[in-house]
Number of protein chains: 2
Amino acid sequence: MNIGQAAERCGLPAKTIRYYEDIGLIRPARRANGYRDYDDGDVHKLRFLQRARRLGFSIDDCRHLLSLYEDESRASADVKALARARVDEIDARIAELQSLRATLAHLISACHGDDRPDCPILDDLAGVGRPRKTPVGQ
Amino acid sequence: MNIGQAAERCGLPAKTIRYYEDIGLIRPARRANGYRDYDDGDVHKLRFLQRARRLGFSIDDCRHLLSLYEDESRASADVKALARARVDEIDARIAELQSLRATLAHLISACHGDDRPDCPILDDLAGVGRPRKTPVGQ
DNA sequence: TCTTGACCTTCCTGTAACTGGAGCGTTTAT
DNA sequence: ATAAACGCTCCAGTTACAGGAAGGTCAAGA
């Protein structure tokens, strides 16, 4: 099938599918006219990639997952380790965002937010008050 | 002062400071030898930028915040609105990450993670089982 | 004076993972 | 016959810088 139909079936834009080919994730057949020709196996792989990306795996992770998927003798522990690493990344990111959120919420609550120019948010960014050492995150 | 000293005082790498100049965020003086020459006001602005970036404001947000900061007749409501928008972005991102985390944690708990090749994580990515409609996020 | 090393300069490239568009050829339907 | 819809490749842009090359400048020591 043509790339348009493959795109429809896997849920990825055609542009993305071509990009995945550029970086060596898939290698569809070509017809005489130069058009890419996808079979069901290709679409299956593309769907695999779409799901893995949606779960936040990097392209490199996806490459790895795909090779594990195609390796009949893989150990499920390898996959589990990849997934655990993803969860750790996610946890770190969530913690960081929650810290930022708390700082911003605090500043927002301190700002009267009217037509007057004085603003604790800007004051904080400008470093008004005691010099802060690592006030948020890091 | 030279860029190295300014970098040390504001907590940003010299590369980043030059980049901020490229995109028009700051405009330090130049000496006869072509070296950038930062005064205390410049360093103050750079520190402002460093703090705003650390709070997750985009460069465009920073540009906006800086212009508000320099506008003596600004309304604090404008700043508050920017900060609120940031909090909304953060909340959305956190929710998304938590959803991803839950899905991954579920798959991880279902995977025995040993030397055997069968793996529910890969099965899920491959679409084994009932076809999922938008299982996570979005 | 010469040299060494630490700075500084500009410019180019690369990152992640695509997206948009130009300019062109092909297929399909009317 | 022609127009729409699709396909192709290649190039540029996105975010916010980081790394490095090639070269100029400056202060200190031998």
Side-chain angles (χ1 to χ4, degrees), chain A residues 1-38 42-43 45-46 48-66 85-86 89-90 93 96-97 100 137-138, chain B residues 1-38 42-43 45-46 48-66 86 89-90 93 96 100 137-138:
Chain A
M1 75 192 77
N2 284 345
I3 197 170
Q5 201 176 355
E8 197 180 339
R9 292 203 193 169
C10 72
L12 290 169
K15 275 275 190 192
T16 300
I17 297 177
R18 289 198 195 92
Y19 172 70
Y20 286 173
E21 183 176 347
D22 274 358
I23 62 174
L25 281 178
I26 44 163
R27 198 152 289 283
R30 293 284 182 144
R31 300 215 195 130
N33 61 8
Y35 284 20
R36 293 167 178 85
D37 189 10
Y38 298 87
D42 293 325
V43 170
K45 271 199 206 176
L46 287 170
F48 183 100
L49 289 170
Q50 189 262 353
R51 291 197 174 103
R53 289 290 299 134
R54 197 170 49 187
L55 280 177
F57 287 100
S58 72
I59 290 288
D60 261 7
D61 284 341
C62 288
R63 204 185 295 277
H64 195 172
L65 285 168
L66 210 49
R86 259 304 285 158
E89 285 170 30
I90 290 173
R93 187 73 185 127
E96 190 182 356
L97 287 173
L100 293 180
Q138 305 315 311
Chain B
M1 75 193 77
N2 284 345
I3 196 170
Q5 201 176 355
E8 197 180 340
R9 292 202 192 171
C10 72
L12 290 169
K15 276 275 188 190
T16 300
I17 298 177
R18 290 199 195 91
Y19 171 71
Y20 286 174
E21 183 176 347
D22 274 358
I23 62 173
L25 281 178
I26 43 164
R27 198 152 289 283
R30 294 284 182 143
R31 301 217 195 129
N33 61 10
Y35 285 21
R36 293 168 177 83
D37 189 10
Y38 298 87
D42 293 325
V43 170
K45 271 199 206 176
L46 288 170
F48 182 101
L49 289 170
Q50 189 261 354
R51 290 197 173 103
R53 290 289 298 134
R54 198 171 46 188
L55 281 177
F57 287 99
S58 71
I59 291 287
D60 261 8
D61 285 340
C62 288
R63 202 185 297 275
H64 195 172
L65 285 168
L66 209 50
R86 260 303 288 155
E89 283 170 32
I90 289 173
R93 187 74 185 124
E96 191 182 356
L100 292 180
Q138 308 311 318

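Letters A, B, ... are given to chains in the order of the sequence lines, protein chains preceding strands, and every chain is numbered from 1.
Here C/dC8 presents its C1' atom at 13 Å from CD1 of B/I17, a figure rounded to the nearest Å. Residue B/Q5 contributes atom CD, which lies 9 Å from atom P of C/dC8 at whole-angstrom precision. Between the CZ atom of A/R93 and the C1' atom of C/dA16 there is a distance of 15 Å, given to the nearest Å. In this entry the distance linking CZ of B/R30 with C1' of D/dT25 reads 14 Å, nearest Å. If you measure from atom CZ of A/R63 to atom P of C/dC18, you get 12 Å, rounded to the nearest angstrom. When the P atom of D/dA18 is taken as reference, atom OH of B/Y19 falls 10 Å away, rounded to whole Å. D/dC26 atom C1' lies 10 Å from atom CG of B/N2, rounded to whole Å. Rounded to whole Å, the distance from OH on A/Y35 to P on C/dT27 is 6 Å.
Listed nucleotides C/dC8, C/dC18, D/dG7 differ in distance to A/I3; the shortest reach to its side chain belongs to D/dG7.
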- Message: Run A/R63 and A/D60 through salt bridge (charged side-chain N to carboxylate O under 4.0 Å, His left out) and show every step you take.
- Response: CA-CA 5 Å; A/R63 204 185 295 277; A/D60 261 7; 3.8 Å; yes
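Inter-residue side-chain proximity for B/M1 and B/V43 is flagged as met; some heavy-atom pair is nearer than 4.5 Å. Residues A/L100 and B/R86 have side chains in contact (heavy-atom distance under 4.5 Å, counting atoms from C-beta outward). Side-chain contact between A/D42 and A/R27 is absent, with no heavy atoms from C-beta onward closer than 4.5 Å.
When the shell of 6.0 Å around CD of A/Q5 is examined, it contains more than 12 heavy atoms from other residues, nucleotides or ligands.
No engagement by B/R31 is indicated, since no non-hydrogen atom pair under 4.0 Å with the nucleic acid exists. Using a 4.0 Å heavy-atom distance criterion, A/R36 is classed as a sugar-phosphate-only contact. Nucleic acid contact class of A/I23 (heavy atoms, under 4.0 Å, all strands): none.
Close to D/dG24, at under 4.0 Å from its OP1 or OP2, lies no side-chain N or O of B/N33.
Along DNA chain D, the nucleotide nearest B/S58 and the nucleotide nearest A/G4 are compared for position; the residue whose nucleotide lies closer to the 5' end is A/G4. Checking B/K15 against B/R53, the closest nucleotide of DNA chain D that is more toward the 5' end is the one next to B/R53.
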